[in-house]
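These notes concern the structure reproduced below.
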Amino acid sequence: MSKECIIKSILDTDLYKFSTGYAYAKLFPRARGRFAFVDRDNTVYPKGFDRLLREEIALMTELKLTDEEADFLGRECPYLPPFYIDYLRGYQFDPSEVNVYLDEEGHLQISAEGLLYRITLWETPILAIVSELYYRVMGELPDLDHVRTSTIEKAQMMKANGLQVSIFGMRRRFSSEIEDLVTQLLKEHAGSSLFGTSNVHYAMKHGIRVSGTHPHEWVQFHAAIYGYKMANYMAMEDWINVYDGDLGTVLTDTYTTDVFMQNFSKKHAMLFTSMRHDSGDPYEFVEKAIKRYQELKINPMLKYIVFSDSLNIPKAIKIKEYCEGRIPTTFGVGTNLTNDVGNNTVPRNIVMKLVGCQISPRQKWHHCVKLSDVEGKHIGDPQEIELAQKTLGIK
């Protein structure tokens, strides 16, 4: 494989790509989906960027799951059955599933379409490639002294304040080398405050816990199949059916937290160990979460919240202090760890979301949309967003 390939391992992705891929394969093996790239900053990319991106994607066909990687998955991710790991041994990325081009204004357009258990695996690698390739083409370089100094300071703050932090930083990292370095430094200096990382490859390389939750796409898919009012409920039911209590963090903001709380039953509150906050005011979320647990006669101190929305370490410390003695906390910190490289480098504001699906080839395609707790972060077809808001009674 070319040494210049940005993605160097099939495990260089977030855990939730494998967990969701297996869930699709088990319950919806014929379902198809379409992912679309969104650049929230409307960046104008340099001419030829799309060609370079296609070349990187083509190199991914050479990735194969090694025996060592398969052993790691079997040992550290026992909720993934042997047959799925065998499937990954034979899996090959297919660039024909991905369409990449620059439009007339120079905006980057990317879509990926195919069987959902396959197509979901494109999301995080593509985002990581776009981010790293952009900095490379623009000639931006990291200040490695800044990276080392700031990461060690963050590690010391984590340790001093008793934070539990996972690295959630692959999708908008400066580069794979920076994520590798940051993971190494946090392991060396944060001690037990480093809870783990969502990146399976670096969890294996550095001997730390691999952690993750299910994504918005899982709830979006269920909305398309079962309707918006049943989306959260059915997404939780199916996740339980697949994982039987493992991977027990539930994402709350696909169709706003208020709607989620209405769907969050006693059964789900007992079986899921935690809620994940990913948009909106974290302090308001704390109050809503505690109130719902109390309504269900569950002691909030037996559960916890995973905070993962645009965090840095000082912000995480304030949130932990606010929750102290009321509900335990853990934090997923992403871009502030893997793309804090000095030199006035600005992290990419990019995502890739599920925008369409069909339950089987004979059924029609459905729009898939996401309604964040922050209005500007809604994603999907505008008319479908309006329909979802109307259906759910959201203004």
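Here the structure is a predicted model, which means the values were calculated and not measured. Residues: numbered from 1 along the sequence shown.
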Margin query: Checking ring pair (Phe, Tyr, Trp, His ring centres under 6.0 Å) between Tyr22 and each of Tyr87, Tyr117, Phe83, Trp218, which is the one that passes?
Written below: Phe83
Item checked: Full working for side chain to side chain contact (heavy atoms under 4.5 Å, CB included) between Met204 and Glu76 -> CA-CA 9 Å; Met204 175 179 164; Glu76 300 298 326; over 6 Å; no
If you draw a 6.0 Å radius around [atom1] in [X], do more than 12 non-hydrogen atoms from other residues or ligands fall strictly inside?
X      : atom1 : result
Met270 : CE    : no
Arg362 : CZ    : no
Arg30  : CZ    : no
Tyr101 : OH    : no
Gln109 : CD    : yes
Glu105 : CD    : yes
Lys229 : NZ    : no

Side-chain heavy atoms under 4.5 angstrom apart, residues restricted to Ile, Leu, Val, Met, Phe, Trp, Tyr: same cluster for [X] and [Y]?
X      : Y      : result
Ile298 : Met261 : yes
Tyr304 : Phe264 : no
Val355 : Leu115 : no

Do the non-hydrogen side-chain atoms of [X] and [Y] ever get within less than 4.5 Å of each other?
X      : Y      : result
Val250 : Arg276 : no
Phe285 : Asp281 : no
Leu27  : Val242 : yes
Thr329 : Gln164 : no
Phe331 : Ile317 : no
Glu179 : Asn199 : yes
Ile110 : Val130 : yes
Glu217 : Lys17  : yes

Item checked: Criterion salt bridge (charged side-chain N to carboxylate O under 4.0 Å, His left out) against Asp12, the qualifying member of Arg173, Arg171, Lys205 -> Arg173
Would you check if there is a donor-acceptor pair between the side chains of [Y] and [X] at a distance under 3.5 Å?
X      : Y      : result
Tyr322 : Glu287 : yes
Ser372 : Ser279 : yes
Thr197 : Thr183 : no
His268 : Ser265 : yes
Ser166 : Ser211 : yes
Asn232 : Asn263 : yes
Glu132 : Ser175 : no

Roughly how far, to the nearest 0.5 Å, is the [atom2] atom of [Y] from the [atom1] atom of [X]?
X      : Y      : atom1 : atom2 : value
Thr43  : Asn349 : OG1   : CG    : 8.5 Å
His366 : Asp381 : NE2   : CG    : 13.5 Å
Leu251 : Trp239 : CG    : CH2   : 10.5 Å
Leu52  : Ile57  : CG    : CD1   : 11.5 Å
Lys297 : Glu295 : NZ    : CD    : 9.0 Å
Ile305 : Lys288 : CD1   : NZ    : 12.0 Å

Notebook entry, point to check: Between Phe35 and Trp122, does the ring centre distance come in under 6.0 Å?
Noted result: no
Next item on the list: With side chain to side chain contact (heavy atoms under 4.5 Å, CB included) as the test, would you mind laying out the steps for Thr330 and Val165 before giving the verdict?
Entry: CA-CA 6 Å; Thr330 186; Val165 174; over 6 Å; no
Pair [X] + [Y]: basic N to acidic O under 4.0 Å:
X      : Y      : answer
Glu113 : Arg118 : no
Asp50  : Arg54  : yes
Arg348 : Asp41  : no
Glu324 : Lys320 : yes

Would you please name every residue forming a side-chain hydrogen bond (donor to acceptor under 3.5 Å, both in side chains) with [X], sequence neighbours left out?
X      : result
Gln294 : none
His277 : none
Glu188 : Gln184

Next item on the list: For side chain to side chain contact (heavy atoms under 4.5 Å, CB included), just list the numbers for Leu15 and Cys77, CA-CA rounded to whole Å, side-chain angles, deciding distance to a tenth of an Å, and then say yes or no.
Entry: CA-CA 9 Å; Leu15 174 64; Cys77 307; 4.0 Å; yes
Next item on the list: May I have the step-by-step check of side-chain hydrogen bond (donor to acceptor under 3.5 Å, both in side chains) for Asp278 and Ser308, ending in yes or no?
Entry: CA-CA 5 Å; Asp278 200 49; Ser308 61; 2.8 Å; yes
Notebook entry, point to check: Apart from Val351 itself, what residues make up its hydrophobic cluster when side-chain heavy atoms of I, L, V, M, F, W and Y under 4.5 Å apart count as a link, directly or indirectly?
Noted result: Val38, Ile379
Next item on the list: Among Ile, Leu, Val, Met, Phe, Trp and Tyr joined by side-chain contacts under 4.5 Å, find the other residues sharing a cluster with Leu371 and list them by chain and number.
Entry: Val219, Tyr228, Tyr255, Val259, Val369, Ile385, Leu392, Ile394
Margin query: Taking side-chain contact (heavy atoms from CB on, under 4.5 Å) as the criterion, tell me which of Glu69, Met60, Lys64 meets it with Ile10.
Written below: Glu69
Next item on the list: Assign the ring pair His214 / Phe272 to parallel, tilted or perpendicular, where the plane angle (0 to 90°) is split at 30° and 60°.
Entry: perpendicular
Next item on the list: Quick one: sort the Phe49 and Tyr45 rings into parallel, tilted or perpendicular, breaks at 30° and 60°.
Entry: tilted
Margin query: With side chain to side chain contact (heavy atoms under 4.5 Å, CB included) as the criterion, how do Arg292 and Phe260 come out once you've worked through the C-alpha distance, each side chain's angles and the decisive distance to 0.1 Å?
Written below: CA-CA 10 Å; Arg292 186 57 181 155; Phe260 171 83; over 6 Å; no
Next item on the list: Let me see the working for Asp373 and Thr256 under side-chain hydrogen bond (donor to acceptor under 3.5 Å, both in side chains), right down to the final yes or no.
Entry: CA-CA 5 Å; Asp373 282 328; Thr256 74; 4.6 Å; no
Margin query: Suppose the criterion is ring pair (Phe, Tyr, Trp, His ring centres under 6.0 Å): which pairs have a residue in residues 166-207, not counting sequence neighbours?
Written below: Tyr135-Phe174
